[in-house]
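All of these numbers come straight from a predicted model, not from anything done at the bench. Chain naming here is simple, since letters A, B, ... match the order of the sequence lines and numbering starts at 1 in each.
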Amino acid sequence: MEGTVAFDRAAVERLLSGTEDQSLLRFLTCGSVDDGKSTLIGRLLHDSKRLFEDQLLTLERDSRKWGTTGGDIDFALLVDGLEAEREQGITIDVAYRFFATDRRKFIVADTPGHEQYTRNMATGASTADLAVLLVDSRQGILTQTRRHAYIVSLLGIRHVVLAVNKIDLVDYSEARFDEIVAAFEELTAELGFATKVAIPLSARFGDNVIAPSPNLSWYRGPALLDYLETIDVTADEAGKPFRFPVQWVSRPNHDFRGYAGTVAGGSIAVGDEIAVAASGQKAKVARLVTMDGDLPDASVHQAVTITLDREVDASRGDILVAADGRPQVSDQIAAHIIWMSDEALLPGRPYLLKTATRTVGATVSELKHRVDVQSFQPLAAKTLNLNDIGVANLSLAEPIAFDPYDDNRTTGSFILIDRFSNATAAAGMFRFGLRRATNIHRQALTVDKSARADAKGQKPAILWFTGLSGAGKSTVANLVEEKLHLMGCHTYLLDGDNIRHGLNRDLGFTDADRVENIRRVGEVAKLFVDAGTIVLVSFISPFRSERAMARELVGEGEFIEVFVDVPLAVAESRDPKGLYKKAREGGIKNFTGIDSPYEPPTAPDIHLDAAAEAPDALAERVLAYLVSRGYAGSHRR
Amino acid sequence: MNSPLTHLQRLEAESIFIIREVAATFAKPVMMYSIGKDSSVMLHLARKAFYPAPPPFPLLHIDTTWKFRDMIRFRDETAKKYGFDLLVHTNEEGRAQGINPFDQGSNLYTRIMKTDALKQALTKFGFDAAFGGARRDEEKSRAKERVFSFRNQNHAWDPKNQRPELWSLYNTRIAPGESIRVFPISNWTELDIWQYILAEKIDIVPLYYAAERPVVERSGQWIMVDDARMRLKPGEAPQQRMVRFRTLGCYPLTAAIDSPATTLEEIVAEMLLARTSERQGRLIDHDESGSMEKKKREGYF
C-alpha cells in the first residue's frame, strides 16, 4: 500500500538490537531550472515510503491548489516549502530532506536551478559527497548544467550521477540518452570526478527511480535508488594528516585545560606528538576527554576535548596538527572564490575571512581571472559579481595555517564576510600559499594608520567645521556623523563646547588661549585620524593660521575644511544660546564677530551657504563630497 | 584504526560542533528549553559539548501556563539534577488578560503566549543567540532554514534573504539588536532522536510513555484533561484511555495517540511502524497552509 513506511518487523528488530549498520550518504540534486529536481526528491521520498499519511493528504490538497501537473500529485510541492516557491512553482532556497532505506540513511540537499540562486546551490554542494545532476531529456546539457557540474567539481564532490530525466517525453529513446551521455562525457572530461554514472529516468512517473522500468528495457544499469544505496563514497580521510581546529578552550578549574574541537582530518591517539600549526610549539596528547569517558584515540569527524602533557600557547582559531605533517602557514594565499553578494568584489576592499575556527581581516590583493562557466576558460576581470567564480590572491592581516582544499575540505575552505552588512559575501577554496610567512613567531603585526583605515573600509580624515557661533556647525556636523555612522563608518565628533568642559577647561577666550585650544584639538584629531577614524571637529576656530596648523598635523588629503557660512546678522538673529545678546550687552568679552575677529577661510574644501539651505541639505553636500572622493561609502550603494 | 562513525555519531558530533561554535562567538547565548524529547536531546548534547565543564549558558523556558503538569515537574527536576541556570518567562500581560487556547483560538493564543513571550524574554535578557530544538524533517519551511538563522531587530526571519551556509563555516556576525536562532539538531530525524534517546538512556517526560490518562475526543483526536481548566462540552466526560504523546506542547493543543508502548523500545518500534507524522498531533500547524513559515516570520522558533 502506498504511503506506509518502509520498515517491517524484521527491520525494527535490527534497529532495536543495535545490529544495524546503516551508513550515511549526503547528496544534492542540481541542474537547470525545470529539470525536475524537487520532483525527483519528492518521488524518492514517496516511493521509499517515507511519507506519512497526513503528509500525503496535505500533498494531495496542495497539488490541487498549486500543482503544475494537471491534477496528478505534484511531488515538487513536498520540498518547495516556502510560500514564494509554491506560488512561483520554482525552488529558491536549498532544502534538506531525509529518508532511509534498510541499507542507508540519506540527507538530500535539493538546490535551485535558477542562475540567480546559484549561491544556494553551492551551499547544498558544500556538505555533499555525491551530486545527482539532472537534465531534461528534451533540453540536454544547458548552461546551468555546465555551471553546476563545474561548481560540483570545484567544491570537491568526487561522485556524480547524471539523471537523464523526463525520458518519457522523448519516448524512452535510447538514442537520445546516448546523445546526452556523450555530451556529458565531453563536458566532464576535465572536471576530475572519481565516478560518473548516467541513468535514464522519469521522476514524474517513477521509471527507474527505485526500481528498473519496463519502459527502459534497453538500459542495463541500476535504478537510481539502488545506485545511491550501494555506491562507496568514503575517501581515505582517516589516513590524512591530523588536523584539529581549536574551537573552545575548556578551563573548568585550575587543574584542567582542554582544547575542545572536532577532528578535521586524520586521527590522533593518546601519546601522539602534536604541534600548534602557526607557532610550531610541540606537545604530546595526554587525554582525549568525552562525557562518555576518555578515548584511546579519535578520528576524523569526532568531537573531543584534548589535553596535552605541557603548556602551549593555543586558543580558538589555532590548529593542532600532526607534528610530522604540518599544514602551510601564510598570509598570502591563492584561492578560488565564488562570489555570493549583490555587491561586487572590490580588490583592496577589506573583508573578514573565516576558515575553520579562525576569523582574520583579508583583502583580495589581486583578482587573477574570472572563470567562464561555458568553456571553463579564464577571462580577464576587474571584479566578481553575484554568482561569478574567479581565482584571486588573498592578503590576510595575519598568517594562518591552512591546507589546499583538495587535501582537506575543513582547513581548506573559507568564507568572506562583509564588514558592514555582515553578509556572507563569498565562499572560497584555498589552493596554495604564495610565500611562507616570513616570521611566524611574531606576536603582532605592525599595524599602521592605513591598516587600521583598511580595516574600517574608509579613508580617515579630519572634517574641520569652522564658522561663527550660531552658524549651525554642530548641527550640521552631528547630521553628517549620523549619516556616516549609518553607512558603517567609524566616526568621532569633537565639539567645541564639549571639549571646553573637559580637556580644555583651563583655557579662556584670549587669543593665546584660542590658539592653544585649537592646537590641542588638532592634536587629538590627529590621534583619531591615526586610529583610522573620520573625525568631525566643530569649533569656531576663527584664525586662519591655527586652522592651517591643524591641517599640517596630518597628511595630504586628511584635512577637509568645511566653512559653515552665514552673515553675522543671520547668526546674531538666530542666537540659539543667547550669547550674541550677552556679548552686545558687554557680558562676554572677546566674542567672535563682536569684539574678536573671525577670519573666513580663503579656499575652504567645502563652502556651505548656511543662510540659504537647511542643515540636512548641507549635511548631504558634505556627504557627497566624502563619497565622491572615496573617504566613505565608495563601496556602498 | 577506528571504524567509521555511525550515522548517530556523525549527527552527535555535528551538533556538538554547532553548540560550541555559538558559545565561542556570541556574547550572551541562551538555550531554549521546551521540555520535549528534542530539547532533552539538545540538552544532553550541550552537556557533552562542554564536559567536564557545565554548558556556559542558561536555559530559557517560555511558560504559556498551559503546559502539562508533568512537563513543569520534569523541567524543574532536570534543572536541579544538572545544576542548570533555568530562566522561566511568561507573557504577564497575556496572563493578566486571561489569554487561553479556548477563547482566543490556537493562532492568537500561540502568538501572544509563545511568540510574543519569546520576543519579550530575548529582548529583556539581551540574548544575542538562542538555541532551538527544531529539526528540518518536521516541517517544510523548517527544511529550508539555516542552522544559524539570522533574525533582525524585530526577531523576524526573512526566508528569501538567508545567508549562504557552506561547510561548517557559520557566519556568526550580527549588528547590535540583531540575533541568531541556532538549530543544532537540524539534521536529525524523529527516528534519529528516538534511537539516540535509547542509546544514550536520556531521561524524557513520562507523557511519552503510554499510561491510562483522562482524555476527551476533539475533531477525531484525543486531548488530555490535564487540569480543571479544560473546558468540557455539555455532557462530555473524560474517559480513561491507554495513550501517549509523540510530541509535547500546550495540553489543550496537543493530541495523544492510542498506544500500548510503555518502554523506550516499544516507542521506537511503534515509531518505525507509524503512518502519520508527529506534527499531526500539533493542532497549531493546521491553522492554515504555510502557517509555520508565517509564524517564523513573526519571530516564532
Item to complete: Using atom types as modelled and distance alone, determine if a side-chain donor or acceptor of Ser126(A) lies under 3.5 Å from a backbone N or O of Trp167(B).
Response: yes
Worksheet item: Can you tell if the side chain of Glu21(B) reaches within under 4.5 Å of the side chain of Thr357(A), non-hydrogen atoms only?
Response: yes
Worksheet entry | Part of Arg47(B) within contact of chain A (heavy atom distance under 4.5 Å) | both
Worksheet entry | Interface residues of residues 175-187 of chain B facing chain A - heavy atom cut-off under 4.5 Å | Ala175(B), Ser186(B), Asn187(B)
Discussion item. Let me confirm one number: the CZ-OG distance from Arg163(B) to Ser421(A), rounded to the nearest 0.5 Å.
Written reply: 8.0 Å
Worksheet, complete the sentence: Between Ala24(B) and Gln247(A) the two heavy atoms that sit nearest each other are CB-O, 3.5 Å
Discussion item. Quick check: do Phe256(A) and Pro52(B) have side-chain heavy atoms less than 4.5 Å from each other?
Written reply: yes
Worksheet item: By a 4.5 Å heavy-atom criterion (distance strictly below it), what part of Pro56(B) contacts chain A: side chain, backbone, both, or neither?
Response: side chain
Practice prompt. Please look at Val300(A) and chain B and tell me whether the side chain, the backbone, both or neither of the residue comes under 4.5 angstrom of a heavy atom of that chain.
Written response: backbone
Worksheet item: When rounded to the nearest 0.5 angstrom, what distance separates OG1 in Thr262(A) from CD in Glu14(B)?
Response: 10.0 Å
Worksheet item: Distance from Phe150(B) atom CZ to Thr424(A) atom OG1, nearest 0.5 Å?
Response: 10.5 Å
Worksheet item: What are the two closest non-hydrogen atoms of Ile16(B) and Ala303(A), and how far apart are they?
Response: CG2-CB, 3.8 Å
Worksheet item: Measuring heavy-atom distances to chain A, does Ala23(B) have an atom under 4.5 Å in its side chain, in its backbone, in both, or in neither?
Response: both
Fill in: Pairs of heavy atoms under 4.5 Å with chain B: top-ranked of Thr410(A), Asn120(A), Val304(A)
Val304(A)
Worksheet item: Which heavy atom of Pro164(B) sits nearest a heavy atom of Arg119(A), and at what distance?
Response: CG-CD, 4.0 Å
Discussion item. Are the side chains of Val94(A) and Lys144(B) in contact, using a 4.5 Å heavy-atom criterion?
Written reply: no
Worksheet item: How about Leu169(B) and Ser413(A): do any of their side-chain heavy atoms sit closer than 4.5 Å?
Response: yes
Item to complete: Flag the pair Lys354(A) and Glu165(B) as a salt bridge only when some basic side-chain nitrogen lies within less than 4.0 angstrom of an acidic carboxylate oxygen.
Response: no
Discussion item. Taking side chain as everything from C-beta outward and backbone as N, CA, C, O, which of these in Arg26(A) sits under 4.5 Å from a heavy atom of chain B? Side chain, backbone, both or neither.
Written reply: side chain
Worksheet item: Checking Thr355(A) against chain B: side chain, backbone, both or neither under 4.5 Å from a heavy atom?
Response: backbone
Response to the item:
For Ala423(A) and Asn171(B), the nearest pair of non-hydrogen atoms, with its separation, is C-ND2, 3.8 Å
Fill in: Which portion of Glu200(B) sits near chain A, non-hydrogen atoms under 4.5 angstrom
side chain
Discussion item. If you define the side chain from C-beta out and look only at heavy atoms, does anything of Thr25(B) sit under 4.5 Å from Arg316(A)?
Written reply: yes
Worksheet item: To the nearest 0.5 Å, how far apart are OH in Tyr96(A) and CD in Glu145(B)?
Response: 12.5 Å
Worksheet item: How close do Tyr51(B) and Thr305(A) get, heavy atom to heavy atom, and via which atoms?
Response: O-OG1, 4.0 Å
Item to complete: Kindly indicate whether the side chain of Lys48(B), heavy atoms from C-beta on, has any atom under 4.5 Å from the side chain of Thr290(A).
Response: no
Fill in: Under 4.5 Å from a heavy atom of chain A, the part of Arg136(B) involved
both
Discussion item. Between Trp248(A) and Phe17(B) (judged by ring centroids, cut-off 6.0 Å), do the two rings come close enough to count as a pair?
Written reply: no
